[in-house]
Amino acid sequence: LYFVKSIMISLERLMNFVWTRLERTRNERLFAREHSLFWATLFSIHEGIISTDPAGKITLMNQSAEELTKYPMAEAAGKPLLTVFNAHDTVTREKISDPLWHVLETRQPKTALSEKILIRRDGSELHITGSISPAIDNKGQILGTVINFHDISSFWRKQQQDEYLLNHDTLTGAYN
């Protein structure tokens with residue numbers, strides 16, 4: 001009887017081990033699938049996405065952000081946001097104040113990038129719009145910020161052209 005009981009306990013432990021291992025393997029596969037889907041989604045978005053840590057250092061850029069800023073992620077990583085994301089006011093051409101600190105303090109998103117000029121690494125300029133949000137984990141801790149932005153240069157040029165045509169004679173170009 002003792003021998004049978006000992007075998008039953010060993011068998012139960014073995015089954016628990018097998019079950020735990022199967023569950024772990026299943027969870028690891030699910031996590032890997034979700035992880036892969038997350039990265040595929042992030043790098044498929046046509047908006048520039050830049051993530052920073054709480055100190056404002058760049059931790060991640062998607063391919064669109066690399067193309068828009070002309071900075072490869074390998075060089076941008078660890079740099080302050082405004083070093084890579086060189087945004088200026090459209091009218092005054094002054095460099096924008098760092099929107100990170102306001103977002104981190106208030107824990108609220110901000111559309112601070114409405115119609116700004118992005119001076120790219122090569123010196124060329126784009127008109128952009130976008131927003132910045134705090135990155136908050138499921139425990140309420142701030143991990144940093146997420147900036148999303150996109151090029152509106154063609155829209156901006158069209159708007160400038162339309163405004164010019166509204167205020168000027170089409171034949172002479174004289175101001176109406």
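Just so we're clear, the structure is a prediction, and the values are computed from it rather than from any experiment.
Applying the salt bridge (Lys or Arg N to Asp or Glu O under 4.0 Å) definition to pairs two or more places apart or across chains, those involving residues 121-133 are Glu75-Arg121, Arg93-Glu125.
Distance alone, capped at 3.5 Å, is enough to place a donor-acceptor pair between the Glu66 side chain and the Met73 backbone. Checking side-chain atoms of Asn148 against main-chain N and O of Gly130 turns up no donor-acceptor pair under 3.5 Å. Counting only distance, with no hydrogens or angles, the side chain of Ser36 and the backbone of Ala32 share no donor-acceptor pair below 3.5 Å. Between the side chain of Ser133 and the main chain of Ile147, no donor-acceptor pair closer than 3.5 Å is present. Panel note: side chain Ser153, backbone His127; a donor-acceptor pair is recorded below 3.5 Å. When atom types are taken as modelled, the side chain of Thr83 and the backbone of Lys79 share no donor-acceptor pair closer than 3.5 angstrom. Under a 3.5 Å cut-off, the side chain of Thr59 and the backbone N or O of Ser51 do form a donor-acceptor pair.
Take Asn16 and apply the side-chain contact (heavy atoms from CB on, under 4.5 Å) test, not counting sequence neighbours, and it matches Glu12. Residues forming a salt bridge (charged side-chain N to carboxylate O under 4.0 Å, His left out) with Arg13 (at least two apart in sequence, or on another chain): none.
Residues Arg120 and Thr69 form no side-chain contact, since every pair of their non-hydrogen atoms from C-beta on lies 4.5 Å or further apart. Within the 4.5 Å cutoff, no side-chain heavy atoms of Arg33 are placed close to those of Arg29. When side chains are defined from C-beta on, Leu82 counts as touching Lys95, because their heavy atoms get closer than 4.5 Å. Side-chain contact between Leu143 and Ile136 is absent, with no heavy-atom pair separated by less than 4.5 Å. When side chains are defined from C-beta on, Lys57 counts as touching Pro80, because their heavy atoms get closer than 4.5 Å.
Atom CG of Asn86 and atom CD1 of Ile119 lie 5.0 Å apart (nearest 0.5 Å). Annotation: the span from Ser10 atom OG to Lys5 atom NZ amounts to 13.0 Å, rounded to 0.5 Å. If you take NE2 on His150 and OG on Ser64, they are separated by 11.5 Å, rounding to the nearest 0.5 Å. With values rounded to the nearest 0.5 angstrom, Ile152 atom CD1 is found 5.0 Å from Thr129 atom OG1. A distance of 9.0 Å separates CG of Asp89 from CD1 of Ile96, quoted to the nearest 0.5 Å. Here the straight-line distance linking atom CE of Met61 with atom OG1 of Thr52 works out to 12.5 Å at 0.5 Å rounding.
Of the options Val18, Thr20, Thr25, a side-chain contact (heavy atoms from CB on, under 4.5 Å) to Leu22 is made by Val18 and by none of the others.
Residues Ile132 and Ile142 fall within the same hydrophobic cluster, defined by Ile, Leu, Val, Met, Phe, Trp and Tyr side chains chained together at heavy-atom separations under 4.5 Å. In the hydrophobic cluster analysis, where Ile, Leu, Val, Met, Phe, Trp and Tyr join through side-chain heavy atoms closer than 4.5 angstrom, Ile117 is grouped apart from Leu126.
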**Request:** Report the C-alpha separation of Leu60 and Ile50 in whole Å, then their side-chain angles, then the decisive distance to 0.1 Å, and conclude whether the side-chain contact (heavy atoms from CB on, under 4.5 Å) test is met.
**Result:** CA-CA 6 Å; Leu60 180 88; Ile50 299 176; over 6 Å; no
**Request:** Could you check Leu68 against Ile128 for side-chain contact (heavy atoms from CB on, under 4.5 Å), going step by step and ending with a plain yes or no?
**Result:** CA-CA 9 Å; Leu68 290 169; Ile128 61 164; 5.7 Å; no
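Within 6.0 Å of CD on Gln63 lie no more than 12 heavy atoms contributed by other residues, nucleotides or ligands.
Aromatic pair Tyr71/Phe85: ring centres not closer than 6.0 Å.
Closest non-hydrogen pair, Trp101 versus Ala55, comes out as CH2-O, 3.5 Å.
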